[in-house]
Amino acid sequence: MIIDVHGHYTTAPAALGAWRDLQIAGLKDPSQTPSAADLKISDDEIRETIETNQLRLMKERGSDLTIFSPRASFMAHHIGDFQTSSTWAAICNELCYRVSQLFPEHFIPAAMLPQSPGVDPKTCIPELVKCVEQYGNVGLNLNPDPSGGHWTSPPLSDKSWYPIYEKMVEYDIPAMIHVSTSCNSCFHTTGSHYLNADTTAFMQCLTSDLFKDFPTLKFLIPHGGGAVPYHWGLFRGLAQEMKKPLLEEHLLNNIFFDTCVYHQPGINLLTEVVPTKNILFASEMIGAVRGIDPQTGHYYDDTKRYIEATQNLTAEEKHQVYEGNARRVFTRLDAALKAKGL
Ligand SMILES: [Zn+2]
C-alpha cells in the first residue's frame, strides 16, 4: 500500500471560497456574516471535485490512500478572531470528513485547528476532540505562526502549546507543522513562508528540551524539512555547541520528514541524509507547484517517481517510506486499516 501523508482539499467546490469571502466581509459589516448553515455543498459536488482531481492523480501515479486535511493556505488563522477561526475550521474539517466518508478506501482525515493570533492554543482542544472522536481524524495540522508571517507566537517549545501536546499524546496522534498564507509581503506563501516555517520548527525543537517533557510527541515536518537536510551539518554542529545530545537521540525519535520535494536531487539528498525510518511518503498534490517539469516531462509534485528512481533506498526501505513509517507514526491510521483487515 502506498500512503500519501500530505494532501489538502485544494479543489473544494467554489461555494466554500465564496462563503469564506462573506465571512471576511462580515468582519467589517456584520450584516453580511453568513451562518455555517448557509454553506450548501452536495455529496455529488464533493465526489466530482475529488474524482476528477486528487483521486484521478492517485490512480494515475499509483498511490492508494491520502491523509487529507483542509487547504493549508486557506486556514489563514490571522483573519478575524477566535470565533472566525472556530467557525471556519469546523466547516473545513467537516468537508474533509465527508470526503473520507464518500471515499473511505482512499482518504482519511486530518484536522485543521481554530488557531488565532494571541489566543491561548488550548482553545483549539474542543475542535480537536471532535475531529478525533467523531470524525476519525488520524492527525492534525499545527500552525506555529497563526499571525501569517509575522511570528508573534512563542516558539513550539513554549508551555502555552503544552495543552495541545498533552491531547496529542493522549490520542497518540502526530501533528504536521504547517503554516498558512503569508500576509507579510516579504514572504511568499509557499516559496518562503512554508520552507522558513519547516526550518524554524526544527530549530525550535533543537534548542529546547521539548521531547524530554513529551517523549512520545510526534511532529511531521513537511516539504522535506525545508532547509534541514541540506544543512544537516550546521544543525549537528549547533546542537553540539549547545551541549545537546546527538540529533538522532535528541530529535529523531519525535521528528519526521515528508517527501514533498519536487526534484530528483532533492529526494536523493533527503534519503541520503535523513534516516529512512524518519521519512514518510507524501506529494501535497495539486498544491504549491502544479505544473509539469520541462526537464522530465512529468508533474513536479509526482514525488513517487523520485522515490522509485533514487539509488539510496532498497526495496524494503521504499516500503518503509511508502507505508511502514506512516503506519508507525499515524497509529490511528494503522488501527483503522487493521480494522478493515489491511
Ligand atoms: Zn501542505
Side-chain angles (χ1 to χ4, degrees), residues 2-6 144 156-157 174-179 190-208 210-211 217-284 287-289 293 295-296 300-330:
I2 296 185
I3 301 168
D4 185 335
V5 299
H6 190 166
L156 291 169
S157 51
M176 182 185 285
I177 305 299
H178 208 310
V179 287
T190 50
S192 306
H193 189 39
Y194 279 22
L195 302 183
N196 290 347
D198 302 334
T199 311
T200 298
F202 185 83
M203 196 61 199
Q204 290 178 355
C205 294
L206 189 154
T207 53
S208 73
L210 176 60
F211 301 125
L217 189 66
K218 287 176 284 190
F219 287 161
L220 176 59
I221 301 187
H223 320 115
V228 171
Y230 195 65
H231 287 286
W232 195 243
L234 176 139
F235 292 107
R236 286 178 58 230
L238 287 173
Q240 189 173 321
E241 284 180 22
M242 292 174 200
K243 313 284 185 214
K244 299 291 184 189
L246 294 174
L247 293 187
E248 284 72 11
E249 181 191 331
H250 185 43
L251 299 178
L252 292 186
N253 293 315
N254 307 87
I255 291 182
F256 303 85
F257 301 89
D258 78 14
T259 65
C260 295
V261 175
Y262 294 160
H263 67 151
Q264 189 67 49
I267 289 290
N268 291 346
L269 176 82
L270 174 70
T271 51
E272 183 180 348
V273 171
V274 173
T276 304
K277 73 178 178 67
N278 294 84
I279 302 173
L280 278 64
F281 174 70
S283 70
E284 200 179 25
V289 177
D293 184 342
Q295 291 182 0
T296 65
Y300 288 99
D301 64 7
D302 186 358
T303 53
K304 181 162 165 274
R305 289 179 179 277
Y306 314 131
I307 308 292
E308 287 300 309
T310 187
Q311 301 295 310
N312 295 331
L313 299 173
T314 64
E316 171 52 31
E317 287 169 334
K318 284 177 188 169
H319 170 71
Q320 280 187 53
V321 169
Y322 284 140
E323 177 182 355
N325 295 340
R327 294 180 76 136
R328 190 161 43 79
V329 172
F330 291 85

With a 3.5 Å cut-off and no angle check, do the side chains of S283 and D301 form a donor-acceptor pair? no

Taking the side chain from R305 and the backbone from H263, do they hold a donor-acceptor pair closer than 3.5 Å? no

From L217 CG over to L156 CG, what is the distance, rounded to the nearest 0.5 angstrom? 9.5 Å

Walk me through whether F219 and F211 qualify under ring-ring contact (aromatic ring centres under 6.0 Å, His included). CA-CA 10 Å; F219 287 161; F211 301 125; 5.7 Å; yes

Where the side chain of K218 meets the backbone of N254, is there a donor-acceptor pair that is under 3.5 Å apart? no

Which distance, rounded to the nearest 0.5 Å, do you find between the CG of N312 and the CG of L270? 9.5 Å

Nearest 0.5 angstrom please: I177 CD1 to C205 SG, how far? 6.5 Å

Side-chain touch T259/I279, heavy atoms, less than 4.5 angstrom: yes

In the structure I gave you, are the side-chain heavy atoms of I2 and E323 within less than 4.5 Å of one another anywhere? no

Look up atom CG in N196 and atom NE2 in H193, then write down how far apart they are to the nearest 0.5 Å. 8.0 Å

On a heavy-atom basis, the closest approach of Q204 and S208 is O-OG, 3.1 Å

Sequence neighbours left out, cut at 3.5 Å: what donor-acceptor pairs do the side chains of residues 222-249 make with other protein atoms?
| unit_1 | atom_1 | unit_2 | atom_2 | d |
| --- | --- | --- | --- | --- |
| H223 | ND1 | D198 | OD2 | 2.7 |
| H223 | NE2 | E284 | OE1 | 3.1 |
| K244 | NZ | D209 | OD1 | 3.3 |

Using side chain to side chain donor-acceptor pair (under 3.5 Å), reason through N268 and E272 one step at a time and then give a plain yes or no. CA-CA 6 Å; N268 291 346; E272 183 180 348; over 6 Å; no

Would you compute the distance between atom OG1 of T310 and atom CD of E317 and round it to the nearest 0.5 angstrom? 10.0 Å

Please check: side-chain N/O of D258 versus main-chain N/O of V5, any donor-acceptor pairing under 3.5 Å? no

F257 pairs by side chain to side chain contact (heavy atoms under 4.5 Å, CB included) with which of V273, T271, V274? V274

Indicate yes or no: at least one non-hydrogen side-chain atom of I307 is less than 4.5 angstrom from one of L313. yes

Residues I267, Y262; criterion side-chain contact (heavy atoms from CB on, under 4.5 Å); working and verdict: CA-CA 8 Å; I267 289 290; Y262 294 160; over 6 Å; no

Does any N or O in the side chain of Q264 come within less than 3.5 Å of the main-chain N or O of Y306, such that one atom is a donor and the other an acceptor? yes

Does any non-hydrogen side-chain atom of M176 lie less than 4.5 Å from one of F256? no

If I take atom OG1 from residue T296 and atom CG from residue D293, how far apart are they, to the nearest 0.5 angstrom? 4.0 Å

Where the side chain of Y322 meets the backbone of I3, is there a donor-acceptor pair that is under 3.5 Å apart? no

Stepwise side-chain contact (heavy atoms from CB on, under 4.5 Å) test for T303 and F281: CA-CA 8 Å; T303 53; F281 174 70; 3.3 Å; yes

If we ignore hydrogens and angles and just use 3.5 Å, is the side chain of K277 paired with the main-chain N or O of L252 as donor and acceptor? yes

Identify the two heavy atoms, one from H250 and one from L206, that lie closest to each other, and give their separation to 0.1 Å. NE2-O, 2.8 Å

